[in-house]
Amino acid sequence: MIIQRVVLNSRPGKNGNPVAENFRIEEDNLPDNINEGQVQVRTLYLSVDPYMRCRMNEDTGSDYITPWQLSQVVDGGGIGIVEESKHVHFTKGDFVTSFYWPWQTKVILNGNSLEKVDPQLANGHLSYFLGAIGMPGLTSLIGIQEKGHITAGSNQTMVVSGAAGACGSLAGQMNQNSHIILCGQISQYNKDVPYPPPLPPAVEAIQKERNITRERFLVLNYKDEFESGILQLSQWFKEGKLKIKETVVNGLENMGVAFQSMMTGGNIGKQIVCISEETSL
């Protein structure tokens, strides 16, 4: 079977700005048969996210994400529908997701790498599982709960420095806090600097003088809270308490365009690429 996929065409360099031409779309052959434990899925939605900028470098600077390889298919968050299954937990027509979904129109995956999603949790909006009812939503929710030092009735003020993006557009709706939580810094991702970047001397002096705390947060350290967090986000969405925004472009051929736009502030809410329609089999 002939499918389309997106590979890393070139690297922008640690101090360069990524462009659509860093990615290349090409055709590939998908095997006609799947093995035991595998599933064949059709891709519905793919996610582009700021952390992926680090994966464009030869060294990500992190021990929990690996670099993309030149001329190899790239991957990230994805949602799809099962077309064929030889895995005990999945059947034809199931909707599934993975954090390491290849940027392809169709793909054969190990079933153990997938999680089944219930469309009812998002009132049928499957793309929300890549955003507000997915990893960005969990990052906002758990980050504030675990690191926000929230005190009910204390009249705290919350400032979200990136409040138009996938996480920031949600974090500002959840509560108030008064110290610095470091979770992503898209403005620094095109620079060869450590994370978190060092503060300018004048800013560091103010931080110390005013006893301002500055704490790093990584949502992957809280996997045991993911299931309850998804249910909470779903409930708030259904109750109208959580307002969800998306910027959606269509077509696998526009993955590079969507990535470049996201890195330059072209999205409001979660940047999503629709690969195929949600119709069931």
Side-chain angles (χ1 to χ4, degrees), residues 3-8 23 28 30-31 34-52 54-55 60 62 64-69 72-119 121-122 125-139 142 166-167 218-227 229-231 233-234 246 248 252 255 258-259 262 270-278 280-281:
I3 55 101
Q4 288 186 313
R5 69 177 192 170
V6 174
V7 302
L8 185 64
F23 302 93
D28 194 21
L30 200 68
I34 63 175
N35 299 322
E36 288 299 321
Q38 292 184 326
V39 295
Q40 178 180 305
V41 293
R42 174 167 56 87
T43 305
L44 298 176
Y45 298 100
L46 293 173
S47 171
V48 291
D49 300 277
Y51 81 89
M52 293 175 172
C54 305
R55 303 191 69 186
T60 64
S62 169
Y64 63 92
I65 51 174
T66 57
W68 290 327
Q69 300 302 314
Q72 298 297 312
V73 66
V74 297
D75 63 344
I79 295 277
I81 186 170
V82 174
E83 293 189 323
E84 182 182 357
S85 174
K86 289 188 177 180
H87 191 283
V88 64
H89 292 152
F90 301 105
T91 59
K92 185 177 180 179
D94 284 345
F95 294 107
V96 292
T97 185
S98 171
F99 194 61
Y100 301 100
W101 195 289
W103 289 7
Q104 299 182 181
T105 50
K106 295 188 178 185
V107 61
I108 294 174
L109 296 169
N110 185 325
N112 292 334
S113 69
L114 297 170
E115 292 185 19
K116 191 181 298 187
V117 296
D118 179 1
L121 291 177
H125 298 279
L126 289 172
S127 60
Y128 288 1
F129 290 110
L130 297 178
I133 310 179
M135 192 64 73
L138 289 171
T139 301
I142 299 173
C167 290
L218 179 63
V219 70
L220 296 179
N221 292 334
Y222 298 87
K223 291 182 179 180
D224 59 337
E225 299 182 30
F226 282 11
E227 183 176 356
I230 291 294
L231 293 176
L233 292 164
S234 170
E246 287 184 322
V248 181
L252 188 73
M255 292 299 298
F259 186 85
M262 178 271 302
K270 185 74 185 73
Q271 178 68 66
I272 295 289
V273 181
C274 177
I275 307 302
S276 62
E277 296 298 322
E278 296 181 16
S280 59
L281 301 177

Do D49 and K270 have side chains that approach each other closer than 4.5 Å (heavy atoms only, starting at C-beta)? yes
Hey, could you give me the CG/OG1 distance between L44 and T105, rounded to the nearest 0.5 Å? 11.5 Å
Which is it for I230 and L138 under the side-chain contact (heavy atoms from CB on, under 4.5 Å) test, yes or no, and what are the steps along the way? CA-CA 7 Å; I230 291 294; L138 289 171; 3.9 Å; yes
Using 0.5 Å steps for rounding, measure from the CG atom of L46 to the CH2 atom of W101. 8.0 Å
Residues that W68 engages under side chain to side chain donor-acceptor pair (under 3.5 Å), provided they are two or more places apart: D75
Is a donor on one side and an acceptor on the other found under 3.5 Å between the side chain of K116 and the backbone of T97? no
Can I get a per-line list of side-chain donor-acceptor pairs under 3.5 Å for residues 126-137, giving both atom names and the distance, sequence neighbours left out?
unit_1	atom_1	unit_2	atom_2	d
S127	OG	E246	OE1	3.2
S127	OG	E246	OE2	2.6

Does any N or O in the side chain of T60 come within less than 3.5 Å of the main-chain N or O of I65, such that one atom is a donor and the other an acceptor? yes
Search all heavy atoms of V73 against all heavy atoms of V7 and return the closest pair with its distance. N-CG1, 3.7 Å
Measure from the side-chain N and O atoms of R42 to the backbone N and O of E277, and report whether any donor-acceptor pair falls under 3.5 Å. yes
Residues that Y100 engages under ring pair (Phe, Tyr, Trp, His ring centres under 6.0 Å), provided they are two or more places apart: none
Just wondering, do P102 and L109 contact through their side chains at under 4.5 Å, heavy atoms? yes
Salt bridge (charged side-chain N to carboxylate O under 4.0 Å, His left out) against K86, all qualifying residues, sequence neighbours excluded: none
Listed by chain and number, what are the side chain to side chain donor-acceptor pair (under 3.5 Å) partners of S62, not counting sequence neighbours? none
Mutual orientation of the aromatic rings belonging to F23 and F259 [parallel < 30°, tilted 30-60°, perpendicular > 60°]: perpendicular
Before we go on, tell me: are the rings of F99 and Y51 under 6.0 Å apart, centre to centre? yes
Side-chain heavy-atom pair V39, L114 within 4.5 angstrom cut-off: yes
Whether the side chain of S85 engages the backbone of F90 through a donor-acceptor N/O pair (distance < 3.5 Å, no angle test) should be reported. yes
As an exercise, state the distance from CZ of R5 to CG of L30, rounded to the nearest 0.5 Å. 11.0 Å
Side chain to side chain, V48 and W103, heavy atoms closer than 4.5 Å: yes
Taken to the nearest 0.5 Å, the spacing of T43 OG1 from Q4 CD works out to 11.5 Å
So, the side chain of S47 versus the backbone of G78: is there a donor-acceptor pair under 3.5 Å, distance only? no
Say you draw a straight line from CD1 of I142 to CG of L220; how long is it, rounded to the nearest 0.5 Å? 10.0 Å
Set of residues satisfying side chain to side chain donor-acceptor pair (under 3.5 Å) with respect to N112, sequence neighbours excluded: H87
Reported CZ-to-CD distance for the pair R55 and Q69, which is rounded to 0.5 angstrom: 9.5 Å
